[in-house]
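Position 1 is the first residue of the sequence; numbering continues from there. The shown structure was predicted, so the numbers you read here are calculated from the model rather than taken from an experiment.
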Amino acid sequence: METSLSIDIVRPNLKNTLHSNGHTYVDFENSSGTLITCNHADNEVYLFKPEELETGEPKCQIFGDDSSMNVTFVKVADDLAFVGLANSTVQIFTYPQFEKEGLLVRFESAPLCVDLNQDKSFAVIGTADGTVKTVELASPHRFKTFEGHTGPILTVCYDPSEDYIVTSSCDGTVKVWKCGPEVRENLGMCSEKQQC
């Protein structure tokens, strides 16, 4: 028996009203269902509450006034927003006010994507130079670097059991990294690396 999937497009021209051309990051903030969009080519973040998805105007949050503040991702965890910026940093802001709390981590190239584990104690972040890091949020100087991709990282994801991280890259590969409790308990400082 064949099944089909029907998708209703409620805002077919939404892309024409928001960001520049290029890679646009989207995510839902879980507690309120707010849709968050940002684009690597600008410094604007748009927030759509569920009731605004079909017809409303989004709230726009602007980060800085130059290209070093172009936003690569926004990931919300409770009352904090983790914001990847073109200046090769991940900054922490309050949410939904977007008041700056501080620096989470600095990279050698722009961070492009992020995922949080279920209890929001660790983040995995992929960068433009192909590096993947898992960072302990309470103690960001403790992290593990995963190397093996040769292109920018497109997606990072914890598996539900948190034993693995899955990454995809512009090099055309998908990699599965072991990251169970033994890895999290033995995080290195600054330069410890794990090969895929």
Enquirer: Which pair of non-hydrogen atoms, one from Phe82 and one from Leu137, has the smallest distance, and what is that distance?
Expert: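 Closest pair (atom of Phe82, atom of Leu137, distance): CZ-CD1, 3.9 Å.
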Enquirer: Taking Asn43 for its side chain and Met69 for its backbone only, find out whether a donor-acceptor pair lies under 3.5 Å.
Expert: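 Pair absent, no side-chain N/O of Asn43 close to backbone of Met69.
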Enquirer: Using every non-hydrogen atom in the two residues, find where Gly130 and His149 come nearest and quote the distance to one decimal.
Expert: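 Closest approach of Gly130 to His149, heavy atoms only: O-CB, 3.6 Å.
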Enquirer: Over all heavy atoms of both residues, which pair between Tyr25 and Leu112 is shortest? Give the atoms and the distance, please.
Expert: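 Closest heavy-atom pair between Tyr25 and Leu112: CD1-O, 4.2 Å.
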Enquirer: Is the backbone N or O of Thr167 less than 3.5 Å from a side-chain atom of Thr155, with the two atoms forming a donor-acceptor pair by type?
Expert: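 No, the answer is negative, given that no donor and acceptor are paired below the 3.5 Å cut-off.
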Enquirer: Are side-chain heavy atoms of Leu47 and Leu35 found at a separation under 4.5 Å?
Expert: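 No, side chains not in contact.
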Enquirer: Rounded at 0.5 Å granularity, tell me how far OG in Ser31 sits from CG in Asp78.
Expert: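 Result: 7.5 Å between the selected atoms.
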Enquirer: Taking all non-hydrogen atoms of both residues, which atom of Ala77 and which atom of Leu116 are closest, and how far apart?
Expert: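 Nearest pair, atom of Ala77 first, then Leu116: CB-CD1, 3.5 Å.
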Enquirer: Just by modelled atom types, is the Gln118 backbone N or O under 3.5 Å from a matching donor or acceptor in the Glu162 side chain?
Expert: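 Yes; at least one donor-acceptor contact below 3.5 Å.
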Enquirer: Distance only, no hydrogens: is a donor on one side chain within 3.5 Å (strictly under) of an acceptor on the other, for Glu147 and Thr145?
Expert: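 No donor-acceptor contact under 3.5 Å links the two side chains.
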Enquirer: Could you walk me through whether Leu154 and Ser169 satisfy the side-chain contact (heavy atoms from CB on, under 4.5 Å) test, starting with their C-alpha distance in whole Å, then the side-chain angles of each, then the deciding distance to 0.1 Å, before giving a yes or no?
Expert: CA-CA 5 Å; Leu154 298 170; Ser169 168; 5.7 Å; no
Enquirer: Does Glu108 CD have over 12 foreign heavy atoms under 6.0 Å away?
Expert: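 No.
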Enquirer: Rounded to the nearest 0.5 Å, how far does OH of Tyr164 lie from NZ of Lys178?
Expert: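 Separation between the atoms: 4.5 Å.
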Enquirer: Can you hop from Phe48 to Val26 via hydrophobic side chains spaced under 4.5 Å?
Expert: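 Yes, it is one cluster - the side chains of Phe48 and Val26 are joined through contacts under 4.5 Å.
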Enquirer: Any side-chain heavy atom of Ile125 sitting closer than 4.5 Å to one from Phe73?
Expert: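 In contact.
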Enquirer: What's the separation between atom OG1 in Thr127 and atom CZ in Phe107, rounded to the nearest 0.5 Å?
Expert: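 It comes to 6.5 Å.
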Enquirer: Within this structure, what is the CG-SG distance for the pair Asn117 and Cys157, rounded to the nearest 0.5 Å?
Expert: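 Separation between the atoms: 11.5 Å.
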Enquirer: side-chain hydrogen bond (donor to acceptor under 3.5 Å, both in side chains) with Thr72: which residues, sequence neighbours excluded?
Expert: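 Applying side-chain hydrogen bond (donor to acceptor under 3.5 Å, both in side chains) to Thr72 gives none.
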Enquirer: If you define the side chain from C-beta out and look only at heavy atoms, does anything of Tyr158 sit under 4.5 Å from Val124?
Expert: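 Yes, close enough: below the 4.5 Å cut-off.
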Enquirer: Passes side-chain contact (heavy atoms from CB on, under 4.5 Å), Thr37 versus Asn39? Steps please.
Expert: CA-CA 7 Å; Thr37 70; Asn39 182 285; over 6 Å; no
Enquirer: What pairs with Phe98 under ring-ring contact (aromatic ring centres under 6.0 Å, His included), at least two apart in sequence or on another chain?
Expert: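 Residues passing ring-ring contact (aromatic ring centres under 6.0 Å, His included) with Phe98: Phe63, Tyr95.
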Enquirer: After noting the C-alpha distance and the side-chain angles of Val83 and Val71, does the key distance pass the side-chain contact (heavy atoms from CB on, under 4.5 Å) rule?
Expert: CA-CA 7 Å; Val83 179; Val71 179; 3.8 Å; yes
Enquirer: Quick check: closest heavy atoms across Ser109 and Ser88, and the distance to 0.1 Å?
Expert: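 For Ser109 and Ser88, the tightest heavy-atom pair comes out as C-OG, 3.3 Å.
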Enquirer: Given side chains that start at C-beta, do those of Pro140 and Val135 come closer than 4.5 Å, heavy atoms only?
Expert: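 Side-chain contact under 4.5 Å: yes.
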Enquirer: State, yes or no, whether a side-chain contact exists between Asn70 and Leu85 at a heavy-atom distance under 4.5 Å.
Expert: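 Not touching, per the 4.5 Å side-chain cut-off.
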Enquirer: Before giving the answer on salt bridge (Lys or Arg N to Asp or Glu O under 4.0 Å), spell out for Lys75 and Asp27 the whole-Å C-alpha distance, their side-chain angles and the decisive distance to 0.1 Å.
Expert: CA-CA 7 Å; Lys75 187 70 168 180; Asp27 198 8; 3.0 Å; yes
Enquirer: Looking at Phe143, I'd like to know if the NZ or CZ of Lys133 sits under 6.0 Å from its six-membered ring centre while staying within 45 degrees of the ring's axis.
Expert: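 Relative to the ring axis of Phe143, which defines the angle, Lys133 lies inside both limits.
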Enquirer: Find the distance between SG (Cys179) and CG (Asp159) and round it off to the nearest 0.5 Å.
Expert: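 Answer rounded to 0.5 Å: 8.0 Å.
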Enquirer: Assess whether side-chain contact (heavy atoms from CB on, under 4.5 Å) is satisfied between Thr131 and Phe146, documenting all intermediate values.
Expert: CA-CA 6 Å; Thr131 300; Phe146 300 87; over 6 Å; no
Enquirer: Hey, what do you get for CD (Glu51) to OG1 (Thr34), rounding to the nearest 0.5 Å?
Expert: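 Answer rounded to 0.5 Å: 8.0 Å.
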Enquirer: Provide the closest heavy-atom pair for Cys38 versus Val74 in the form atom of the first, atom of the second, distance.
Expert: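 Answer, listing the atom of Cys38 first, then Val74: SG-N, 4.1 Å.
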Enquirer: Judged by modelled atom types alone, do Glu136 and Ser139 share a side-chain donor-acceptor pair under 3.5 Å?
Expert: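 Result is no, nothing qualifies.
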